[in-house]
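All residue numbers in this chain count up from 1 along the given sequence.
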Amino acid sequence: LCFAQKDVFQLKDIEKIAPKEKGITSMSVKEILQSLVDDGMVDTDRIGTSNYFWAFPSKALHARKRKLEELESQFAESSQKKEVLQKSIKKSKIGREDTAERAALIEELAALRQKKEQLKAEVDKYRECDPDVIEEMRKTNKIAMEAANRWTDNIFSIKSWAKRKFGFEESRIDKSFGIPEDLDYID
């Protein structure tokens, strides 16, 4: 409508003209117009209390030209990348022709990799005998033992406090809190 008449319209004008000329129901004119504005096919501006709508063919032509130039630029860039990649593929194939010597080297490489995995598995079997691992285990055990003794000391302190404060028997405290009778420090 705006292209055909090359004019500026208000919403009320479009709501009158569109059903007659384009066969659009008057209830959907506003929705369709908003969709065209959102898509950038129709321009709008608020002047005073009125909204004006327009769409000129030259703007659409310029938009198509810009899009075409953008796509042509992307195509040229992609073509250039394709050529570079094809040259790279050809270059990387040089020296990798299928020969008997290359096949033998590939087979030898596979065998060496398999042997490496076997040796690694064997080393892992004896890892627990490694002096560094043993020393690390000793340090970890010492820290765990100190922590266990600290908590044992805390338990004894709380039991002593409960005996003094409430007059409970030690066996009753042990039974109530699930403390084993043979609880003692770890040496």
Side-chain angles (χ1 to χ4, degrees), residues 27-28 30-46 51 63 66-67 70-71 73-187:
M27 302 297 276
S28 63
K30 189 172 184 178
E31 185 179 313
I32 292 171
L33 185 60
Q34 185 59 47
S35 174
L36 291 171
V37 168
D38 291 344
D39 292 343
M41 297 174 73
V42 174
D43 292 317
T44 184
D45 202 359
R46 185 174 192 89
N51 286 330
R66 266 195 316 274
K67 185 67 174 174
E70 183 182 320
L71 291 173
S73 169
Q74 288 176 355
F75 178 74
E77 195 175 301
S78 297
S79 296
Q80 188 178 10
K81 282 183 182 178
K82 179 183 173 189
E83 285 181 33
V84 169
L85 289 172
Q86 285 177 334
K87 286 179 184 176
S88 175
I89 289 171
K90 284 182 183 178
K91 188 176 179 180
S92 65
K93 283 185 177 181
I94 295 173
R96 294 185 180 188
E97 294 83 16
D98 288 333
T99 61
E101 181 185 354
R102 186 167 193 272
L105 288 173
I106 289 173
E107 194 174 302
E108 183 181 348
L109 178 64
L112 288 173
R113 284 182 177 161
Q114 184 178 7
K115 184 167 182 151
K116 177 186 169 189
E117 290 300 318
Q118 289 173 348
L119 291 173
K120 188 177 178 183
E122 192 170 330
V123 166
D124 285 344
K125 269 197 273 184
Y126 299 112
R127 179 171 165 73
E128 58 196 38
C129 296
D130 184 4
D132 293 336
V133 172
I134 291 172
E135 186 59 33
E136 185 66 30
M137 288 171 67
R138 284 186 180 140
K139 287 179 183 177
T140 304
N141 288 344
K142 183 178 179 185
I143 291 169
M145 187 175 72
E146 288 172 358
N149 285 334
R150 185 172 45 251
W151 281 105
T152 303
D153 192 37
N154 291 342
I155 291 171
F156 286 149
S157 296
I158 290 172
K159 281 172 54 173
S160 173
W161 176 81
K163 282 195 290 188
R164 276 184 285 128
K165 181 80 172 176
F166 302 110
F168 292 140
E169 294 176 19
E170 191 168 333
S171 61
R172 185 173 170 198
I173 294 172
D174 289 345
K175 186 176 180 183
S176 297
F177 292 103
I179 300 171
E181 290 179 17
D182 59 345
L183 178 70
D184 202 1
Y185 294 101
I186 300 173
D187 294 328

Checking S79 against F75 for the side chain to side chain contact (heavy atoms under 4.5 Å, CB included) test, could you report, in this order, the C-alpha distance in whole Å, the side-chain angles of both residues, the deciding distance, and whether it holds? CA-CA 6 Å; S79 296; F75 178 74; 3.8 Å; yes
Full working for side chain to side chain contact (heavy atoms under 4.5 Å, CB included) between V42 and L33: CA-CA 8 Å; V42 174; L33 185 60; 4.2 Å; yes
Assess whether atom [atom1] of [X] is packed by more than 12 heavy atoms of other residues, nucleotides or ligands within 6.0 Å.
| X | atom1 | answer |
| --- | --- | --- |
| E146 | CD | yes |
| R102 | CZ | yes |
| Y185 | OH | yes |
| M145 | CE | yes |
| E181 | CD | no |
| E70 | CD | yes |
| E135 | CD | yes |

[atom1] of [X] to [atom2] of [Y]: how many Å apart, nearest 0.5 Å?
| X | Y | atom1 | atom2 | value |
| --- | --- | --- | --- | --- |
| K116 | R113 | NZ | CZ | 8.5 Å |
| E107 | L105 | CD | CG | 10.0 Å |
| N149 | I186 | CG | CD1 | 5.5 Å |
| D174 | F168 | CG | CZ | 13.0 Å |
| S160 | I155 | OG | CD1 | 13.5 Å |
| L112 | L119 | CG | CG | 10.5 Å |

Does some side-chain heavy atom of E136 sit less than 4.5 Å from a side-chain heavy atom of D132?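 Answer no - side chains too far apart.
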Check whether any side-chain heavy atom of K90 lies under 4.5 Å from a side-chain heavy atom of Q86, and answer yes or no.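 No, side chains not in contact.
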Atom of I179, atom of K159 and distance for their closest heavy-atom approach: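 Distance-wise, the nearest heavy atoms are CD1-CD, 4.0 Å.
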Closest contact, heavy atoms only, F156 versus L183: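 Residues F156 and L183, closest heavy atoms: CZ-O, 3.5 Å.
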Test of understanding: with ring-ring contact (aromatic ring centres under 6.0 Å, His included), list the residues that count as partners of Y126, not counting sequence neighbours.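 None.
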Could you tell me whether a side-chain N or O of S35 sits under 3.5 Å from a main-chain N or O of E31, the two making a donor and an acceptor?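 No, the answer is negative, given that no donor and acceptor are paired below the 3.5 Å cut-off.
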Is a side-chain donor or acceptor of S176 paired with a backbone partner of I173 at a separation under 3.5 angstrom?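 No, S176 side chain to I173 backbone: no donor-acceptor pair under 3.5 Å.
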What residues, two or more places apart in sequence or in another chain, satisfy side-chain hydrogen bond (donor to acceptor under 3.5 Å, both in side chains) together with N141?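 Partners of N141 under the side-chain hydrogen bond (donor to acceptor under 3.5 Å, both in side chains) test: none.
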